[in-house]
Amino acid sequence: MKSLGYIGAFLGGALAGAALGILLAPEKGSDTREKITDTIEDFLKKHNIKLNKKEVGDLVDDIQDVTEE
């Protein structure tokens with residue numbers, strides 16, 4: 001069970017790092033949010049994790065809120 005925690009922490013950190021990198025890129029906010037959403041959707045599909053579009057959007061918003069602090 002501990003290994004699942006480590007894997008979750010690693011994946012969360014990787015997603016947060018990718019989101020930060022994308023958010024700091026010099027592009028329009030709408031383009032950046034779309035890229036983040038697409039990246040997360042690709043990740044979820046690759047790992048067979050089921051979330052609906054609204055849940056993915058909420059996740060993107062949460063990541064954006066954390067990076068603005």
Side-chain angles (χ1 to χ4, degrees):
M1 289 306 239
K2 263 188 176 180
S3 62
L4 288 178
Y6 293 128
I7 292 170
F10 173 77
L11 293 176
L15 284 172
L20 278 172
I22 292 171
L23 287 172
L24 295 175
E27 291 186 15
K28 293 190 331 186
S30 60
D31 293 340
T32 301
R33 283 188 295 277
E34 186 175 329
K35 279 185 175 182
I36 292 171
T37 301
D38 291 343
T39 301
I40 291 173
E41 286 177 344
D42 291 343
F43 174 83
L44 295 174
K45 186 181 291 183
K46 179 179 178 182
H47 296 284
N48 200 27
I49 300 171
K50 306 285 191 229
L51 292 177
N52 64 36
K53 188 81 167 173
K54 183 182 181 328
E55 291 170 326
V56 172
D58 291 344
L59 180 59
V60 170
D61 291 341
D62 290 346
I63 292 170
Q64 184 178 13
D65 291 344
V66 168
T67 58
E68 289 175 356
E69 292 178 354

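Quick caveat: nothing in here was measured; it's all calculated off a predicted structure. As a basis for the values below, the full set of heavy atoms in this structure was taken, side chains included, without hydrogen atoms, waters or symmetry mates.
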Side chain to side chain donor-acceptor pair (under 3.5 Å) involving [X] - partner list, sequence neighbours excluded:
X: D31; result: none
X: K46; result: none
X: D42; result: none

### Pairing residues for D62 by the salt bridge (charged side-chain N to carboxylate O under 4.0 Å, His left out) criterion, not counting sequence neighbours
none
